[in-house]
Amino acid sequence: MPAHPPQSLPQNAAKTSLHVPVFAWYATHARDLPWRRPEASAWSVLVSELMLQQTPVKRVLPVHQAWLERWPTPAALAVEPTGEAVRAWGRLGYPRRALRLHAAAVAIAERHDGEVPADLDDLLALPGVGEYTAAAVASFAYGRRHVVLDTNVRRVLGRVLGGVEFPATSLNRAERERAASVVPDEPPHPVGTAATWAVAVMELGALVCTAGAPRCGECPLADQCAWRLAGFPAYDGPPRRGQAWAGTDRQCRGRLMAVLRDADGPVHRSALEAAWSGTATLADQRERCLVSLVADGLAVRTSPETYALP
DNA sequence: CACGCGTGGGT
DNA sequence: TACCCAAGCGT
């Protein structure tokens, strides 16, 4: 019987071989983003995560800053009409996210005394917060240890550990377990915490291990990347669906929302008709989209002939 | 679980 | 130029 039983097992060598170079790389290459600064609030982190869902950092930056200046706390946003959130969302895209963020602010004000929760299940219960975002907020805002698995991390681990160019279409159990297996133990964390590991791997995927034209010459994991070592085998999975755009309801809804956003108050039907017209088919589509926008809570009919943001 | 949901920059 | 796709979520 040992005199001093170990408090915990040492991390295995395979794990550390990933941690050391990635933490070193992150220490010198991390971008200075507002929601990563020490003084950033959990609310700032939550707002950033909602905005970053499918929208690039560069476009999020100015909107995030204006948002936090106007609504420094969830309670400040919660008392506003939802339309103000939609207008402030601007052209980030997927404006339903603005409604979800507003609803999340209301829930935080009502159920959590105005404080963004740190518990994963509490976060998951918030509108617009799914598996990734919950783990990201708990990790980045509160330093909790979670598996943070976004598109960047999936791609990096898929290449380094899986030897494939792109991960499977849907996230499965094996992939979650693989990601979990390389999260730093805590404690101890000889070279960095689980939370720093999460943000560091994401950053690596965003800046170096990119979807197209990865910069392997700058990658701290190049010498142990299974995909590179195998000679960069081409992706052989099912075709990754591209997003149709021209003529879709999504494009039509975007046009209609732009008209509502750019107006100070209610707009007449004719302004919306001008934004999407030409044939009877297009007119039908416009009316269908208008109905769906109202159903989604992104627009309201303010009179028989006028519409506005809610 | 596959699909729909905005927008604009990068190659 | 035409794609490609960017820190996903809800249904």
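No hydrogens, no waters, no symmetry mates; every other heavy atom, side chains included, goes into these values. In what follows, every chain begins at residue 1, and chains take the letters A, B, ... in the order their sequences are listed.
The span of DNA chain B lying next to chain A, judged by atoms under 4.0 Å from heavy atoms, is bounded 5' to 3' by dC3(B) to dG8(B). Chain A approaches DNA chain C within less than 4.0 angstrom (heavy atoms of the protein), and the contacting nucleotides run 5' to 3' from dC5(C) to dG10(C).
For dC3(B) and dA7(C), the P atoms lie 22 Å apart once the distance is rounded to whole Å. For the P atom pair drawn from dG6(B) and dC3(C), the interatomic distance equals 22 Å after rounding to whole Å.
Within the nucleic acid shown, Q251(A) has no heavy atom closer than 4.0 Å to any nucleic acid atom. Counting non-hydrogen atoms under 4.0 angstrom, A211(A) reaches the backbone sugars and phosphates but no base. Here G242(A) lies out of heavy-atom contact (under 4.0 Å) with every strand. Among the protein residues, T133(A) comes within range of the sugar-phosphate backbone only, with heavy atoms under 4.0 Å from sugar or phosphate atoms but none that close to a base. D296(A) comes within 4.0 angstrom of nothing in the nucleic acid, heavy atoms only. Residue-level contact check: V148(A) touches neither bases nor backbone, having no heavy atom under 4.0 Å from any strand. Backbone-only contact: G254(A) has heavy atoms under 4.0 Å from sugar-phosphate atoms and none from a base.
Counting only distance, with no hydrogens or angles, the side chain of E175(A) and the backbone of L171(A) share no donor-acceptor pair below 3.5 Å. Judged by distance alone, the side chain of R154(A) and the main-chain N or O of P167(A) form no donor-acceptor pair under 3.5 Å. A donor-acceptor pair under 3.5 Å links the side-chain atoms of R159(A) to the main chain of E165(A), judged by distance alone.
Using modelled atom types and a 3.5 Å distance limit, the side chains of R97(A) and Q54(A) yield no donor-acceptor pair. Residues R253(A) and S292(A) have side chains that bring a donor and an acceptor to within less than 3.5 angstrom of each other. A side-chain N or O of E69(A) and one of Q65(A) form a donor-acceptor pair less than 3.5 Å apart.
Sorted by residue number, the list of members of residues 285-293 of chain A with any non-hydrogen atom under 4.0 Å from DNA chain C is empty. DNA chain B is contacted by no residue of residues 273-281 of chain A, taking any non-hydrogen atom closer than 4.0 Å. Scanning residues 25-61 of chain A for heavy-atom distances under 4.0 Å to DNA chain B yields Q54(A), T55(A), R59(A). A heavy atom lying under 4.0 Å from DNA chain C marks the following residues of residues 88-103 of chain A, by number: R100(A). If you check residues 153-172 of chain A against DNA chain C, the residues with a heavy atom closer than 4.0 Å are R155(A), listed by number. Across residues 213-222 of chain A, not one residue has a non-hydrogen atom less than 4.0 Å from an atom of DNA chain C.
Note: W67(A) and W71(A) have perpendicular aromatic rings, judged against thresholds of 30 and 60 degrees for the angle between ring planes.
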Listing, residues 254-267 of chain A side-chain donor-acceptor contacts under 3.5 Å, not counting sequence neighbours, or none:
unit_1	atom_1	unit_2	atom_2	d
R255(A)	NH1	A275(A)	O	3.3
R261(A)	NE	G90(A)	O	3.4
R261(A)	NH1	G90(A)	O	3.4

Under 3.5 Å, sequence neighbours excluded: what are the donor-acceptor pairs made by side chains of residues 56-64 of chain A?
unit_1	atom_1	unit_2	atom_2	d
R59(A)	NH2	R91(A)	O	2.9
R59(A)	NH2	L92(A)	O	3.3
H64(A)	NE2	S44(A)	O	3.0
H64(A)	NE2	S44(A)	OG	3.2

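Taking a pair as Watson-Crick or G-U wobble with both distances under 3.5 Å, the runs of three or more consecutive pairs in DNA chain B are B:2-5 with C:8-11, B:7-11 with C:2-6.
Taking the ring pair (Phe, Tyr, Trp, His ring centres under 6.0 Å) definition, one finds that F232(A) meets it with W227(A), sequence neighbours left out.
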Exercise. Before giving the answer on salt bridge (charged side-chain N to carboxylate O under 4.0 Å, His left out), spell out for E203(A) and R36(A) the whole-Å C-alpha distance, their side-chain angles and the decisive distance to 0.1 Å.
Key: CA-CA 12 Å; E203(A) 191 77 334; R36(A) 283 187 189 158; 2.7 Å; yes

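When every heavy atom of R111(A) is checked against every heavy atom of L126(A), the shortest pair comes out as NH2-CD2, 3.8 Å.
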